[in-house]
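Beneath this line is the structure, given in structure tokens, with notes to follow.
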Amino acid sequence: MKTRDTTEETVTLARVTGETGGDLVLRRVGAHYEIYSNGVFLMDTRDGTSEREMVRASLGALPPGRSLARVLIGGLGVGFSAREALNHPRVATVDVVELEPHVIDWHDGELGEAADRVHLDPRCRVYNADIVDWLEETAGAARPPRYDAVCLDTDNGPDWTVTEGNGRLYEAQGLEWLTRLLAPGGVLSFWSANAVPAFEELLRGRFASVEVVEVPVARGVPDTVYLASAPYRVSARTCSG
Ligand SMILES: C[S@@+](CC[C@H](N)C(=O)[O-])C[C@H]1O[C@@H](n2cnc3c(N)ncnc32)[C@H](O)[C@@H]1O
């Protein structure tokens with residue numbers, strides 16, 4: 001759990017209707033920024049340790065000697081994960097898929113300073129799409145792009161998704177799509193605000209290598225990053241959705 005000084009000045013910078021039909025809010029609190037969707041906290045700029053660790057651990061798990069890596073990130077948020085990838089010496093390109101066009105636009109304004117305007121880096125492409133639809137379409141293509149690291153941080157975790165549809169990302173079908181986009185030796189990672197044993201079990205049934213990384217937080221249970229690689233098999237037939 002993140003804590004904050006309640007005496008800090010709070011300014012609502014934007015309140016718009018998000019893609020899910022509810023309020024999407026950007027606030028500045030003291031020197032930090034917070035994003036809320038339907039009243040639910042999505043992300044802020046205070047810490048970001050585990051969001052960065054997800055990317056660092058994924059890249060660190062790639063086979064040694066691997067040449068420059070292509071990274072796919074689900075969820076732009078405040079851009080910490082994308083910035084971590086762009087700052088990594090082994091990364092060539094970073095594709096980001098973000099549902100909310102307003103979140104992307106906010107990076108043109110003062111929020112963009114938090115991650116040094118990742119969206120303007122020539123190595124970074126930001127797609128405005130629902131990643132569930134994007135994956136279904138992209139993984140079903142005759143020649144899908146291949147990524148060395150695919151890092152998903154769209155939700156509070158497999159058992160606490162921000163939309164009902166996002167649940168598919170953590171089920172067999174979503175894992176099948178994600179696996180189709182993995183380059184040989186590639187690593188898939190998932191961010192979660194808590195450990196989800198049933199999801200770990202699902203991963204272990206589909207990947208030869210599964211690692212669970214716990215990242216301590218100031219209060220409460222650690223954030224959890226799941227790393228999966230070496231899929232047992234990929235069925236092309238089940239990728240059409
Ligand atoms: C927790 S934030 C991401 C934090 C990010 N790792 C960072 O470093 O700031 C989650 C982001 O995922 C986006 N998101 C949620 N569902 C999505 C979906 N289905 N497709 C694409 N983006 C989605 C949200 O709008 C939000 O920007």
Side-chain angles (χ1 to χ4, degrees), residues 1-2 14 16-27 32-59 71-88 94-107 111-119 121 124-139 149-158 160-171 173-174 177-178 181 189-194 215 217 223-226:
M1 181 189 289
K2 284 153 180 153
V16 295
T17 302
E19 293 298 292
T20 58
D23 269 5
L24 185 68
V25 174
L26 173 65
R27 303 197 316 174
H32 293 286
Y33 297 90
E34 300 174 339
I35 301 175
Y36 292 84
S37 172
N38 296 320
V40 176
F41 171 83
L42 269 188
M43 183 62 190
D44 69 14
T45 57
R46 286 188 184 79
D47 186 358
T49 304
S50 55
E51 290 81 1
R52 293 185 173 101
E53 179 58 26
M54 173 181 66
V55 173
R56 216 170 20 242
S58 303
L59 292 167
V71 179
L72 173 67
I73 293 179
L76 175 63
V78 303
F80 283 168
S81 301
R83 172 49 59 202
E84 186 69 27
L86 288 165
N87 284 353
H88 197 284
V94 178
D95 288 352
V96 182
V97 182
E98 168 57 47
L99 175 67
E100 298 288 355
H102 293 287
V103 168
I104 299 170
D105 289 347
W106 291 341
H107 280 257
L111 174 67
E113 289 166 23
D116 203 11
R117 304 202 189 280
V118 281
H119 63 312
D121 189 305
C124 184
R125 278 182 297 190
V126 180
Y127 297 96
N128 178 209
D130 182 328
I131 197 165
V132 179
D133 300 336
W134 187 90
L135 280 175
E136 180 169 13
E137 191 182 328
T138 310
V150 177
C151 307
L152 270 196
D153 180 15
T154 48
D155 298 287
N156 290 313
W160 185 8
T161 58
V162 295
T163 66
E164 209 181 309
N166 281 3
R168 293 185 82 185
L169 298 168
Y170 311 98
E171 295 168 355
Q173 177 67 85
W177 291 333
L178 290 161
L181 299 188
S189 59
F190 301 84
W191 190 94
S192 181
N194 53 277
V215 183
V217 297
D223 292 341
T224 303
V225 174
Y226 292 96

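When a ligand or atom number is given, it counts from 1 through the structure's own listing order. When a residue number appears, it is its place in the shown sequence, counting from 1. Nothing here was measured: the structure is a model prediction, and the numbers come from that model.
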Element-labelled atoms of ligand 1 that are located less than 4.0 Å from some non-hydrogen atom of [X]:
| X | value |
| --- | --- |
| V97 | 21 (C), 22 (N) |
| D130 | 18 (C), 19 (N), 20 (N) |
| V162 | 15 (C), 16 (N) |
| F80 | 7 (C), 8 (O), 9 (O) |
| L76 | 5 (C), 7 (C), 9 (O) |

Under 3.5 Å: N/O of [X] near N/O of ligand 1:
| X | answer |
| --- | --- |
| G79 | yes |
| E100 | no |
| E51 | no |
| V78 | yes |
| L42 | no |
| D155 | no |
| G74 | no |

What one should report as the nearest heavy-atom pair of L59 and A149 is CD2-CB, 4.3 Å
| task | Using non-hydrogen atoms of the residue, decide whether A82 is closer than 4.0 angstrom to ligand 1. | result | no
* To do: Work out whether the distance between some heavy atom of T163 and some atom of ligand 1 is less than 4.0 Å.
  => no
At under 4.0 Å between heavy atoms, what of A129 touches ligand 1? The answer is backbone
